[in-house]
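In what follows, every chain begins at residue 1, and chains take the letters A, B, ... in the order their sequences are listed.
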Protein chains: 2
Amino acid sequence: MRKTYLFLDTIINKVDAKGRVSLPADYRTILKELSTDIVCYRSLTSPCIEGCTEDLLEKLATDIENSTDFFSETQDDLTNLIFGDAKRFTFDSTGRIMLTEKLLKHAEITNSAVFVGKGRKFQIWSEENWEKEEKRLREKIKSNRPSLKMPEEKP
Amino acid sequence: MRKTYLFLDTIINKVDAKGRVSLPADYRTILKELSTDIVCYRSLTSPCIEGCTEDLLEKLATDIENSTDFFSETQDDLTNLIFGDAKRFTFDSTGRIMLTEKLLKHAEITNSAVFVGKGRKFQIWSEENWEKEEKRLREKIKSNRPSLKMPEEKP
DNA sequence: TGGTATAACATGGTATTTTATGGGAATCAA
DNA sequence: TTGATTCCCATAAAATACCATGTTATACCA
């Protein structure tokens with residue numbers, strides 16, 4: 001039994017005519033070991049789908065409770081957006097999930113889906129959009145390296 | 001049981017047609033004692049593969065989570081870049097890992113891989129590139145000696 | 001100290017398992 | 001019925017585990 005549960009790597013899988021996609025095997029292993037489902041929702045900032053374990057969303061709920069007051073407008077807005085949009089997905093015996101039309105449309109996904117690990121979360125992109133996004137990120141980093149320090153190098 | 005876990009030394013191993021390489025025995029010992037896997041990703045600055053324990057990456061995930069909020073742009077960009085590129089590797093009963101095409105290409109590795117210890121991390125280079133890099137580093141040090149201060153001498 | 005036996009290691013090859021993915025039947029809803 | 005969703009089976013490709021061998025490093029003993 002492992003100690004760490006990170007969504008990693010970039011994996012391209014096909015989306016078939018029925019809207020089915022294989023969830024990367026690594027991701028499935030994590031979900032099985034944690035006995036949790038995944039939850040997906042439209043990214044608030046990018047044309048992609050965002051996913052995480054249901055456990056993490058639970059944590060987000062707690063964080064929001066603690067960070068703003070119960071009746072604040074911000075909290076209202078965030079909870080509506082995230083929880084209202086989030087949907088639970090379970091994979092079938094062959095490891096596939098069926099994404100919804102709404103999610104696919106938001107991410108402009110048609111034939112193939114790119115799973116991008118984000119540690120506690122992951123994202124699902126169209127091939128074209130991810131290509132652009134990765135390029136943007138690498139350009140940005142070139143001019144801003146200091147922000148990438150590893151833990152042991154921190155003061 | 002030892003006290004320290006450092007990736008050291010420079011070891012050259014062959015890469016076969018399938019992309020398999022023996023992980024240096026010393027490295028394997030460390031991983032076994034820490035019960036963790038290694039994670040490899042393309043160096044952001046050099047034509048080489050960089051590796052570390054999954055534990056270290058887990059720590060990084062926690063640090064990022066704590067230093068920025070759930071919806072921050074910085075967190076988004078960083079996590080995509082690091083975790084999206086990182087891939088977990090486990091060695092088989094004969095001590096080998098199978099590097100991916102993407103990583104090998106980035107490091108321009110074909111027949112042999114040079115493992116270079118970096119303490120908590122290590123790098124994997126092609127023989128040609130490492131030869132150049134080592135030369136460059138030694139030249140650089142000659143003209144810039146003061147930057148090599150030990151921790152206790154820091155302000 | 002020198003020489004030999006033993007163990008560990010790297011590495012080529014092969015067998016087995018896992019994974020992604022297409023298609024079809026069963027189930028359900030409108 | 002029609003259209004969609006879930007479940008199950010089949011298959012090819014890819015990843016992984018396993019076996020065998022020569023070589024190097026280590027331990028042991030005279």
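Across A/Leu23 and A/Asn13, no two heavy atoms sit closer than the pair C-ND2, 4.5 Å. Scanning all heavy atoms of the two residues, the minimum distance from A/Ala86 to A/Leu57 falls at CB-CD2, 4.0 Å.
Note on the helix from C/dT1-D/dA30 to C/dA30-D/dT1: terminal axis deviation equals 40°, with five pairs used at each end and the result rounded to 10°.
In this structure, the CD1 atom of A/Ile11 is 14 Å from the C1' atom of C/dT18, given to the nearest Å. Rounded to whole Å, the distance from OH on B/Tyr27 to P on C/dA8 is 21 Å. Going from atom CZ of B/Phe91 over to atom P of C/dC9 covers 11 Å, rounded to whole Å. As a whole-Å value, the separation of B/Lys87 NZ from D/dA14 P is 14 Å. Look at CG on B/Asp92: it is 14 Å from C1' on C/dA15, rounded to the nearest Å. Distance, B/Asp9 CG to C/dC9 C1': 15 Å, rounded to whole Å. Here the P atom of nucleotide C/dC9 and the CD1 atom of B/Ile97 are 16 Å apart, to the nearest Å. In this structure, CG of A/Asp26 is placed 12 Å from C1' of D/dA15, rounded to the nearest angstrom.
Note on A/Asn13: only backbone sugar-phosphate atoms sit closer than 4.0 angstrom, heavy atoms only; bases stay farther off. Heavy atoms of A/Leu23 sit under 4.0 angstrom from primed sugar atoms or phosphate atoms, though from no base atom.
No side-chain heavy atom of B/Gln123 sits less than 4.5 Å from a side-chain heavy atom of B/Ile49. Taking the side chain as every heavy atom from C-beta outward, B/Ile82 and B/Leu60 approach each other to under 4.5 Å.
Hydrophobic clustering (ILVMFWY, side-chain heavy atoms < 4.5 Å, transitive): B/Trp130 and B/Leu99 are in distinct clusters.
A salt bridge is absent between A/Arg20 and A/Asp92: the closest approach of a Lys/Arg side-chain nitrogen to an acidic carboxylate oxygen does not fall below 4.0 angstrom. A salt bridge between B/Glu101 and B/Lys105 is absent, with no side-chain N of the basic residue lying under 4.0 Å from a carboxylate O of the acidic one.
Side-chain polar atoms of B/Ser112 and B/Glu127 form a donor-acceptor pair below 3.5 angstrom.
For A/Tyr27 and A/Phe122, the ring centers are positioned less than 6.0 Å apart.
Between A/Ser93 and A/Met98, the residue whose closest nucleotide on DNA chain D is further toward the 5' end is A/Met98.
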Base contacts versus sugar-phosphate-only contacts with protein, heavy atoms under 4.0 Å: please encode nucleotides 22-30 of chain C as B, S and - from 5' to 3'. BBB------
